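Here the structure is laid out as structure tokens; the discussion comes afterwards.
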Amino acid sequence: MKTFAIHPENQTPLTMVGCGILRKEVDGLIAKNHWNVHTHYLDSALHNYLNRLSTELNQALEEREKLGEKTVVFYGGCHPLMEKYLEGHHTCRTHGQNCIVMLLGYELFMQELEKGAYFLLEDWALTWEPMITACFGANMTVIREIFHSSHKYILALRTPCNGDFSAAAETAARFVDLPLAWMDVSLKHLETVLADAIQRRLAAEQ
């Protein structure tokens, strides 16, 4: 089994602060590679609320800093001030526009996006209706108009870490009245993205 060894050896562990959307995948890759990295996850729905994302991300980074921990951030460009926040906390983030790009790679992401995909991950599928109505309200006509205006289908992404969320995905697709498609995804690209971010963070400490 291929692993991504991180050199130089990290004596003080990093804390990866980031979105919980791929919690199981990130935890699995950290364990597989024996990375000296702890994790602190935030709510996967925060990308819908920029003020909350700003507050909770900065608070989490400040808390880790007060404990003397070095951080690396698992987020895409999910906030317009993300790079400013990273600079202020003397840290860096994973490369990629968003978590789907980190999982699929840019080319595959763009192929499906151009076809009209809305990418659905297990965590979102399992919390779909309350997450969507909290963000867009309870008017089904409005919700479906929003989704139909920019998407043609729901693409559920299934990773090796997922349980069976087929029923939840089908319910989510019916909720917004879009057809459902599936794609099995390996963790190869995500693993490379995480290893790169960890290596860059450790290099900054030298």
Side-chain angles (χ1 to χ4, degrees), residues 1-47 49-106 121-124 126-127 157-163 185-206:
M1 179 184 295
K2 181 180 179 182
T3 60
F4 285 72
I6 301 297
H7 300 290
E9 196 66 25
N10 177 20
Q11 298 300 322
T12 303
L14 290 178
T15 298
M16 181 171 287
V17 177
C19 182
I21 187 64
L22 293 173
R23 175 194 305 257
K24 292 192 290 188
E25 289 78 7
V26 172
D27 284 346
L29 290 171
I30 289 172
K32 172 196 167 187
N33 289 285
H34 307 289
W35 291 330
N36 197 5
V37 176
H38 301 308
T39 54
H40 179 91
Y41 294 111
L42 303 179
D43 187 340
S44 64
L46 286 182
H47 68 286
Y49 309 96
L50 293 184
N51 288 341
R52 282 184 57 200
L53 174 56
S54 172
T55 299
E56 296 188 29
L57 176 58
N58 281 293
Q59 283 180 348
L61 291 171
E62 288 168 7
E63 289 169 2
R64 306 271 70 85
E65 290 162 8
K66 288 177 181 177
L67 295 172
E69 299 175 10
K70 306 296 183 183
T71 61
V72 62
V73 172
F74 176 58
Y75 264 108
C78 303
H79 193 285
L81 298 178
M82 181 65 72
E83 302 309 319
K84 180 180 178 181
Y85 298 153
L86 299 176
E87 183 179 348
H89 291 284
H90 308 289
T91 189
C92 66
R93 71 171 176 88
T94 41
H95 283 317
Q97 176 186 347
N98 54 51
C99 59
I100 306 298
V101 171
M102 295 179 205
L103 186 61
L104 297 183
Y106 182 76
L121 295 167
E122 181 184 32
D123 186 81
W124 287 338
L126 296 176
T127 59
L157 303 178
R158 185 164 39 209
T159 79
C161 300
N162 292 153
V185 185
S186 79
L187 302 185
K188 182 178 179 180
H189 193 271
L190 179 63
E191 187 172 22
T192 303
V193 168
L194 293 176
D196 169 72
I198 294 167
Q199 288 171 330
R200 283 187 288 111
R201 185 65 181 91
L202 293 178
E205 290 299 310
Q206 293 182 349

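These figures come from a predicted structure and were not determined experimentally.
For the ring pair (Phe, Tyr, Trp, His ring centres under 6.0 Å) test, residues two or more places apart in sequence or in another chain that qualify with H47 are W124. By the side-chain hydrogen bond (donor to acceptor under 3.5 Å, both in side chains) test, D123 is found to be paired with S44, residues two or more places apart in sequence or in another chain being considered.
Across every non-hydrogen atom of C78 and L50, the tightest pair is O-CD2, 3.4 Å. The two atoms that bring T39 and T15 nearest to each other are C-CG2, 4.5 Å, heavy atoms only. Taking each heavy atom of V72 and A197 in turn, the nearest pair found is CG2-O, 3.8 Å. A pairwise comparison of heavy atoms in C161 and L187 identifies SG-CD1, 3.8 Å as the closest pair. Between R64 and T71 the shortest heavy-atom distance is CB-CG2, 3.6 Å.
Judged by distance alone, with hydrogens and angles left aside, the side-chain atoms of R200 form a donor-acceptor pair with the main-chain N or O of R93 at under 3.5 Å. In this structure a side-chain-to-backbone donor-acceptor pair under 3.5 Å is missing from N33 to W35. Counting only distance, with no hydrogens or angles, the side chain of E122 and the backbone of G163 share a donor-acceptor pair below 3.5 Å. A side-chain donor-acceptor contact under 3.5 Å links T55 to the backbone of N51. No donor-acceptor distance shorter than 3.5 angstrom exists from the side chain of H189 to the backbone of L103, with no hydrogens or angles considered. Not a single donor-acceptor pair under 3.5 Å links the side chain of D27 to the backbone N or O of K24.
In this structure, OH on Y75 lies 6.0 Å from CG on L57, to the nearest 0.5 angstrom. For the atom pair CD of E25 and CE of M102, the computed distance is 13.0 Å after rounding to the nearest 0.5 Å. The structure places NZ of K32 at 3.5 Å from CD of E191, a figure rounded to the nearest 0.5 Å. Note that CG of L190 is 9.0 Å distant from OG1 of T159, once rounded to the nearest 0.5 Å. Atom CE of residue M16 and atom OG1 of residue T91 lie 9.5 Å apart, to the nearest 0.5 angstrom. The line from CD of Q199 to CG of L194 is 11.0 Å long, rounded to the nearest 0.5 Å.
For Y106, the OH atom is loosely surrounded, since the number of other residues' heavy atoms within 6.0 Å does not exceed 12. Heavy atoms of other residues, nucleotides or ligands lying less than 6.0 angstrom from CD of E62 number more than 12.
Side-chain contact of D43 with Y49: a donor-acceptor pair under 3.5 Å is absent, judged by distance alone.
Side-chain contact between M82 and L86: present, with at least one pair of heavy atoms (C-beta onward) separated by less than 4.5 Å.
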With side-chain contact (heavy atoms from CB on, under 4.5 Å) as the criterion, how do H89 and N58 come out once you've worked through the C-alpha distance, each side chain's angles and the decisive distance to 0.1 Å? CA-CA 8 Å; H89 291 284; N58 281 293; 2.8 Å; yes
Worked check of side-chain contact (heavy atoms from CB on, under 4.5 Å) between K84 and E87: CA-CA 5 Å; K84 180 180 178 181; E87 183 179 348; 5.7 Å; no
Test side-chain contact (heavy atoms from CB on, under 4.5 Å) on L61 and Y85; report intermediate values, then the result. CA-CA 9 Å; L61 291 171; Y85 298 153; 5.5 Å; no
Could you go through the side-chain contact (heavy atoms from CB on, under 4.5 Å) check for N162 and L157 one step at a time? CA-CA 9 Å; N162 292 153; L157 303 178; over 6 Å; no
